[in-house]
Amino acid sequence: MISIKALAESPGLTSIPPAYAFTHNPNDQPVSDDPEDSIPIVDFSLLTSGTPDQRSRTIHHLGKACQDWGFFMVINHGVPESLTKAMTEACGEFFNLTEEEKREFGGKHVLDSIRCGTSFNASVDEVLFWRDFLKVFVHPQFHSPTKPAAFSKRTRELARELLKGISTSLGLGECYIEKALNLESGLQIVAANLYPPCPEPELAMGMPPHSDHGLLTLLVQNGISGLQVQHQSKWVNVNSIPNAFVVNVGDHMEIMSNGKYRSVVHRAFVNEKATRISIATVYGPSLDTVVGPAPELVHRETNPPAYTEMKYKEYLQLQQSNQLDGKSCLDHVRISPA
Ligand code: OGA
Ligand code: NI
């Protein structure tokens, strides 16, 4: 199938092909216009090098951000801006390869370690998304069509520190999540998204409303906005702060925390003028880990387990092989209250 990049660059394109046009849901939630509606900001430097008091306040703030929003912005994280820039450029170069050259990576299987394509699952998507993607598994084994291993390593360290803070905020030990979910051999996927300019942005969609499968996702973007987060029955625009990471809670954090920290539905829209590139780095358990609610967070009478156990690998296959549809994948493991 033709990439969205090639399609968007077709000479004289003034409208989108019908296969990309959505009938928008008339009951869709409104976009918030309240400037107070913005995702919390976490100062990472206070988590790692603040005073004990600053550290405990930051952990509390981190826990509240996970609970109230499921999304937050991380500043002062120490990942050099030059590294993020180099990574974004490398991904941009990948998308610039010819259709022929990219075909080599057009993997068929969702567990292939390097896979590129268009839309989400072009073979099952009813309407196609205005998006090309490249997904690369960078941990426990590093793969790459190019080479910037440093970005994966630094963002992994950042994610693991955040997970320590989150683990503490749940009243579990700092290393609980790391040990229980085998993060030593945890899965890390770098997923680059390309959203070229679209002649009819109000009819198309970059990525549909969905939640992410892992524990945490870290996202950087090339200065062009497009991400919206669902919060209190409204869509909230996430404007990009230069060099900040947008972090969100994934389905496996929801399962592990027995619903205390819930994954949050988000989507990406497209625009008429600028090419947007975002790079999402997803951290999850090791593929063979069977994940269920942490026994420490479950109480037989007052807080029974709300999710059944499933191997992460099976969950990933289920989510990636179907249409992306809100939090529908999570329904497979959700236990409905008796
Ligand atoms: C994702 C995602 C949003 C964006 O890759 O899972 O939600 O803004 N991306 O590109
Ligand atoms: Ni996402």
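The shown structure was predicted, so the numbers you read here are calculated from the model rather than taken from an experiment. Atoms within a ligand are numbered from 1 in the order they appear, just like the ligands themselves.
Counting heavy atoms from C-beta outward, R334 and E254 have side chains that approach closer than 4.5 Å.
For atom 8 (O) of ligand 1, the closest non-hydrogen atom of the protein is R276 NH2, 2.8 Å. Protein heavy atom at the shortest distance from atom 5 (O) of ligand 1 is N193 ND2, 3.1 Å.
Between R131 and ligand 1, no N or O atom pair is found at a separation short of 3.5 Å.
Each side-chain hydrogen bond (donor to acceptor under 3.5 Å, both in side chains) pair with one or both residues in residues 293-305, not counting sequence neighbours, appears once here: Y176-E296, N258-N303, H299-T302.
The one candidate from D28, D212, D325 that meets the salt bridge (Lys or Arg N to Asp or Glu O under 4.0 Å) condition with R267 is D28.
Within the 4.0 Å heavy-atom criterion, the part of D212 lying near ligand 1 is the side chain and not the backbone.
Distances from ligand 1 to the non-hydrogen atoms of Y195 include at least one value under 4.0 Å.
Close contacts of ligand 1 with L227, meaning ligand atoms under 4.0 Å from a residue heavy atom, involve 3 (C), 8 (O). Counting atoms of ligand 1 from 1 in the listed order, those under 4.0 Å from a heavy atom of H210 are 1 (C), 2 (C), 6 (O), 7 (O). Remark: ligand 1 atoms within the under-4.0 Å shell around heavy atoms of A280 are 5 (O). Listed by number with element, the atoms of ligand 1 under 4.0 angstrom from any heavy atom of S278 are 4 (C), 10 (O).
Evaluated by nearest non-hydrogen atom to atom 2 (C) of ligand 1, the leading choice among M207, R267, K135, Q221 is M207.
A distance of 12.0 Å separates CG of L162 from OG of S167, quoted to the nearest 0.5 Å.
Of all heavy-atom pairs between I4 and D132, the closest is N-OD1, 2.8 Å.
With a 6.0 Å radius and a threshold of 12 heavy atoms from other residues, nucleotides or ligands, H60 has its NE2 atom at or below the threshold.
Within D212, the N/O/S atom positioned nearest the Ni ion (ligand 2) carries the name OD1.
The aromatic rings of Y20 and W130 stand perpendicular to each other, their planes meeting at an angle above 60°, with 30° marking the opposite boundary.
Between the side chain of N237 and the backbone N or O of N239 there is no donor-acceptor pair closer than 3.5 Å.
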